[in-house]
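This report concerns only the one structure given below.
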Protein chains: 2
Amino acid sequence: MNISEASKRSGLPAKTIRYYEDIELVRPARAENGYRDYADSEIERLTFLRQARHLGFTIDQCRNLLVLFDDSDRASADVKALADKRIKEIDRKMKELKALRNTLSTLARECRADEGSDCAILEGLKKS
Amino acid sequence: MNISEASKRSGLPAKTIRYYEDIELVRPARAENGYRDYADSEIERLTFLRQARHLGFTIDQCRNLLVLFDDSDRASADVKALADKRIKEIDRKMKELKALRNTLSTLARECRADEGSDCAILEGLKKS
DNA sequence: ATAGTGGTTCCAGTAGCTGGAAAGTCAAGC
DNA sequence: GCTTGACTTTCCAGCTACTGGAACCACTAT
């Protein structure tokens, strides 16, 4: 299977698939003409990568997930540990965003938002 | 004022301050010896940048904010528009994170997390 | 034979810094 | 005067995770 078909099936751009090969996340066979030749198992791998990336796992975390993915003897607890870690990351990020949103909307609320040049937002941002 | 003092007062690493000069966000004077020499107004600018960046404004958005910051005739409504845009971005991001969290925790909940190799998470990720 | 659509490699650029090398400057201590 | 150490300068490289583009090769259809 050529790369464009692999792209369609996995949902990843061809460019990204080549990049994933570059950083050794996938190792497709090569046809006689030098074209990459993807097996079904590699489509699964690529799809896996797309999903994991979509869930915000970093490439490095994906690498770890793939090791577990490949290891038929893995303990599912190990996988769950990674997922939980990611959930904690998300929670942290959400908390952060909430705080930012608060600060910003407080500033915005104090802003008269008119033709005048007085601006609570700019004032708020220039201090310490 | 030397860069290390500017760093202390603005809360930005010296490296970052130099970088901001590189991309023309600040233009400190130079002393005879070639050292950068920061005025108080530039500390205000740098602090402003730190705060704005901390609130998640991109460098480009910061550039726009600085134009307004510099323009004593600005309308505060213009500033508020940028802040509101950023708030919307934050809301979008939070929504996204919530969705991810949901997906992940659903998968994690289905995972038995034991010594066994069956793993709902890995299974979930490999399908389209 | 030619055109068009694939595929290949490699190089550069994105955002926003950060680290490190090599070299110049300054103040303090001996 | 000399050395040491802390600062400073510039410049180049690398980080994440791709993405765009050039130059060239392969395949198919007309």
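Quick caveat: nothing in here was measured; it's all calculated off a predicted structure. Throughout, protein chains are lettered first and strands after them, A, B, ... in sequence-line order, and every chain is numbered starting at 1.
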In whole angstroms, how far is the C1' atom of C:dC17 from the CG atom of B:Leu12? 11 Å
D:dA17 OP1/OP2 closer than 4.0 Å to side-chain N/O of A:Thr16: no
Is the side chain of B:Arg30 donor-acceptor paired with the backbone N or O of B:Asp37 at a distance under 3.5 Å, no angle test? no
Rounding to 10 degrees, work out the angle separating the end axes of the helix from C:dA1-D:dT30 to C:dC30-D:dG1 (five pairs an end). 30°
A:Thr16 side chain to A:Leu12 backbone, donor-acceptor under 3.5 Å: no
Between CD of A:Gln61 and C1' of D:dA17 the distance, given in whole Å, is 13 Å
Give the rounded distance in Å between these two atoms: CG of A:Asp60 and C1' of D:dC18. 15 Å
May I ask you to verify if any side-chain N or O of B:Tyr20 is less than 4.0 angstrom from the OP1 or OP2 atom of C:dC17? yes
Under 3.5 Å, side chain of A:Asn33 to main-chain N/O of A:Tyr35, donor-acceptor pair present? yes
Considering only heavy atoms from C-beta outward, does the side chain of A:Ile121 approach that of A:Cys111 to under 4.5 Å? yes
Can you check the A:Tyr19 OH to D:dT16 P distance for me, whole Å? 8 Å
Would you say C:dA15 has OP1 or OP2 under 4.0 Å from some side-chain N or O of B:Thr58? no
Could you check whether any side-chain heavy atom of A:Tyr38 comes within less than 4.5 Å of a side-chain heavy atom of A:Leu46, counting everything from C-beta outward? yes
For B:Ile90, is there any backbone N or O sitting under 3.5 Å from a side-chain donor or acceptor partner on A:Arg101? no
In the 5'-to-3' direction, what one-character label does each nucleotide of nucleotides 2-13 of chain C receive under the scheme B = base within less than 4.0 Å of a protein heavy atom, S = sugar-phosphate only, - = no such atom? ----BSBBB---
When the distance from CD of A:Glu21 to C1' of D:dC18 is rounded to whole Å, what number comes out? 15 Å
Whole-Å distance between D:dC7 P and B:Lys8 NZ? 8 Å
What's the CD1-P distance between A:Ile59 and D:dG14, to the nearest Å? 19 Å
If you apply the rule side chain to side chain contact (heavy atoms under 4.5 Å, CB included), what do you find for B:Phe57 with B:Lys85, and how did you get there? CA-CA 10 Å; B:Phe57 287 99; B:Lys85 198 173 151 207; over 6 Å; no
Taking A:Ser41's backbone N and O only, do any of them form a donor-acceptor pair with A:Glu44's side chain (distance below 3.5 Å, no angle check)? no
Distance in angstrom units between A:Arg53 CZ and D:dT16 C1', rounded: 8 Å
Taking A:Gln61 for its side chain and A:Thr58 for its backbone only, find out whether a donor-acceptor pair lies under 3.5 Å. yes
